[in-house]
There are 2 protein chains.
Amino acid sequence: MATSGQDVTQDDVARVAGVSRSLVSLALNGSPKVAAETRRRIAETATTLGYRVNAAAASLARQRSRTIGLVLPNLRNAFFEQIAHTLGDATGARDLALFVTVGSDRPEVLHRAVESLLSVRVIGLILVSPWLPDEDLIAIGEEVPVCLIGRRSPGGSVDSVRVDEEAAARLLVGHLAELGMRSVGYVGPRVVNDTSRFERESALRFAAQAAGLTLDVRECDEDAGPAVRDMLRSRHEPLGLVIHNDILAIDAVPVLRETDRHPGIDVALVSYDNTYLARRGEFSLTSIDQPEDVLGTTAVRLLCERAEEGTTSAGSPRDVVLEPALVIRGSSEPDRVCG
Amino acid sequence: MATSGQDVTQDDVARVAGVSRSLVSLALNGSPKVAAETRRRIAETATTLGYRVNAAAASLARQRSRTIGLVLPNLRNAFFEQIAHTLGDATGARDLALFVTVGSDRPEVLHRAVESLLSVRVIGLILVSPWLPDEDLIAIGEEVPVCLIGRRSPGGSVDSVRVDEEAAARLLVGHLAELGMRSVGYVGPRVVNDTSRFERESALRFAAQAAGLTLDVRECDEDAGPAVRDMLRSRHEPLGLVIHNDILAIDAVPVLRETDRHPGIDVALVSYDNTYLARRGEFSLTSIDQPEDVLGTTAVRLLCERAEEGTTSAGSPRDVVLEPALVIRGSSEPDRVCG
DNA sequence: CTGAAAGCGCTTACAG
DNA sequence: CTGAAAGCGCTTACAG
């Protein structure tokens, strides 16, 4: 914790340790060319002097930084936090830094954020469920390695890791069918350009059809409550209610508890993401679990591989698809289903 | 959108524009010493060539970066997103970049994150409701300008911007008293070292006492449901239920809707942060609103001022305290109160 | 195993 | 209003 007035440089360390400047660099970067004892002494000197590498200088000399940029669409989904943590661990394991940028629905803001990441010459960019059009993603991919999480690769040289939406839909529909439901209702956000919403809906449609269930769809805004009410209003038979994610699904819970509003209708509630909200006792949501850790480590690996390859444009896009799991909780347990 | 194989440098721009290298730098940085026409031509060349400043080189030459680091404790509170957005705008307005780090409850992770921010030689650090002990904050403040949001300055050379907790407590208690409540219940997270929790509780205690109301306190874990149930169990009179933040308060809503569980008890529910969760139709929470925009712009201003002053240790800590507001919604409206 | 030297891309006095 | 030159702190062949 030795603090100096000004920044300590490798020069200072070299002088105090009585070695050359380059040796300090080599030692601090773990080069095997440095004698163990020398390395130890240098490391010790660095610590007591309070030396901290100047990332700007290192990046400049190395012609590349040691940081990865993460672009999150917003902070309104706990799933993003889990992703951020996993990525933090995955990058940390490779001794890389992770810089997060909180996206925005304002294009200029997002653009500015990506630009500052590019100015830093990040190794690569990880975008979680971006709402950008395919061509923009491809364009960014021309400049720097890019890996998408939760969205199919748009082509170009952009990689992607995501969960198999069709498999998730089958899990959900299968579960509801087992509960005796004959019809499924899906509530998703009304968002322009939301590929994730679109993919999810068609996967559900497909799965429902295959299982011989009907599918009814409603769009909602920030609040899923009205859409859920609306869907229940016209109902007289049991319903499997699928909501786009946990954060929207919790809107449905209070609605379902108003037992007087829809007498006699059994409703099983299920959603996606399996975040801490789903686990909260009051909600206990049955939810599709995405393997965040695998998503995260894979994304980092793909990015680093692509960075190694040198030119960004090298190699065709890789699209890693993972299997989801269904976590069953109270919201769809027969004996606890509201009605 | 001109993309080149390798990075375009100021050298390239200078060559193409037919000027010297330094002139390019001056022009691009908006120096008034450059003729308007020259500046225009240079800017144009830079654009067509797809020039993008190398932040590492610029930081190194300038001996300081143009980025501010934001350390968020987690992503489980929409309030943090609003803060992040405001800060993004505030830094953008000053042509600074904002790098976010998602904290963690694991000290090593947080430490590593702060370290990478420091390696980048950020202008300063903004920490939102950090759980770090005072001495750690002061230590960080020795190395770089630091501004806290939502926590009192621990002294040293650390600044702070926050909302007046006592005023917030008075607003809440006053509102509940007006509704005819005689007793107040507070549910807060069971967290070690959580100053915010502690300050909030004592402010409430003080306000309740002053207003002649009783205060009952319960701790909760991730899920506030059990604590709320517990608090209601022993009740036979109207209760003003104050919950530490919106995200915890939504747990209370389903509990309160179970009309059969606590017959005859009027409960008015209020919380803090006034995030989008509070606004969601199904929850409609009365909540304390913090002026995020003022918090954000003030934090950035304090940081920049301290950075200007040169030495970090210069100047005593500034502690800006803002007035909160109470937004009244259905959860505490007499006619909609559950019971 | 160790050192002298060049260079990364930019900024900034300084001289014209 | 413009250019030549030094230097920011580090990394990395290269030579010993």
Side-chain angles (χ1 to χ4, degrees), chain A residues 4-43 45-46 49-67 95 97 116 118-123, chain B residues 4-43 45-46 49-67 95 97 116 118-123:
Chain A
S4 69
Q6 274 312 305
D7 282 346
V8 180
T9 71
Q10 289 188 352
D11 250 343
D12 302 320
V13 178
R15 201 171 309 120
V16 174
V19 296
S20 82
R21 191 144 66 91
S22 26
L23 197 55
V24 174
S25 174
L26 258 13
L28 260 26
N29 285 299
S31 160
K33 306 189 196 173
V34 182
E37 166 55 15
T38 316
R39 172 199 316 288
R40 202 199 51 67
R41 204 173 73 246
I42 292 179
T45 315
L49 253 39
Y51 171 78
R52 173 181 297 128
V53 69
N54 181 322
S59 298
L60 184 57
R62 214 189 293 255
Q63 308 249 56
R64 59 189 292 188
S65 76
R66 295 195 60 76
T67 107
D95 204 35
S116 40
L118 291 182
S119 299
V120 170
R121 302 295 192 267
V122 288
I123 294 176
Chain B
S4 68
Q6 274 312 305
D7 282 346
V8 180
T9 70
Q10 289 188 352
D11 249 343
D12 302 319
V13 177
R15 202 171 309 121
V16 175
V19 296
S20 82
R21 194 144 66 90
S22 26
L23 197 54
V24 174
S25 174
L26 258 12
L28 261 26
N29 285 300
S31 160
K33 305 188 198 171
V34 183
E37 165 55 17
T38 316
R39 173 198 315 288
R40 203 200 49 68
R41 205 174 72 247
I42 292 180
T45 314
L49 254 39
Y51 171 78
R52 172 180 297 125
V53 69
N54 181 322
S59 298
L60 184 56
R62 215 189 292 256
Q63 308 249 56
R64 59 190 292 187
S65 77
R66 294 196 60 75
T67 107
D95 204 36
S116 38
L118 292 182
S119 299
V120 170
R121 302 295 191 268
V122 288
I123 294 176

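The sequence lines fix the lettering, A, B, ..., with proteins before strands; numbering per chain opens at 1.
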* Want to settle it: does B:L60 or B:V19 sit nearer the 5' end of DNA chain D, counting the closest nucleotide to each? -> B:V19
* Separation of D:dC10 C1' from A:R52 CZ (nearest whole Å) -> 16 Å
* Between D:dG9 (C1') and B:N54 (CG): distance, integer Å -> 14 Å
* Asked: Does the side chain of B:S25 get closer than 4.0 angstrom to OP1 or OP2 of C:dC10 through an N or O atom?
  -> no
* May I ask you to test the A:Y51-A:L28 pair for a side-chain heavy-atom distance under 4.5 Å? => yes
* Asked: What's the closest nucleotide to the B:L23 side chain, out of C:dC10, D:dT2, C:dT2?
  -> D:dT2
* Whole-Å distance separating the CD atom of A:Q10 from the C1' atom of D:dC10 -> 6 Å
* Structure fact -> Partner of C:dA15 under the Watson-Crick or G-U wobble criteria, both distances under 3.5 Å, comes out as D:dT2
* Write down the distance between CZ (B:R41) and C1' (D:dT2), rounded to a whole number of angstrom. => 12 Å
* With distance as the sole test, does A:R39 use its side chain to make a donor-acceptor pair with the main-chain N or O of A:S31 at under 3.5 Å? -> yes
* **B:N54 side chain near B:T9 side chain, heavy-atom distance below 4.5 Å** => no
* Asked: Should A:T38 be listed as having a side-chain N or O under 4.0 Å from OP1 or OP2 of C:dT2?
  -> yes
* Which comes earlier along DNA chain D counting from the 5' end, the contact point of A:K33 or that of A:D11, where each point is its nearest nucleotide? -> A:D11
* Go through the steps for B:R66 and B:V53 under the test side-chain contact (heavy atoms from CB on, under 4.5 Å), then give the verdict. => CA-CA 12 Å; B:R66 294 196 60 75; B:V53 69; over 6 Å; no
* Can you tell me the distance, in whole Å, between the CD atom of B:Q63 and the C1' atom of C:dC10? => 12 Å
* To do: For A:S22, answer base if it contacts any base atom (sugar-phosphate contacts may also be present), sugar-phosphate if it contacts only those atoms, and nothing otherwise; contact means non-hydrogen atoms under 4.0 Å.
  => base
* To do: Kindly say whether A:R121 contributes a backbone atom to a donor-acceptor pair with the side chain of A:S65 at under 3.5 angstrom?
  => yes
* Where the side chain of B:A58 is concerned, which of C:dT11, D:dC1, D:dG9 is the nearest nucleotide? -> C:dT11
* **Whole angstrom value for the distance that separates P of C:dA13 from CG of B:N29** => 13 Å
* Can you tell me how far P of C:dA5 sits from CZ of A:R21, to the nearest Å? -> 11 Å
* To do: Find the distance B:R62:CZ to C:dC8:P and express it as a whole number of Å.
  => 20 Å
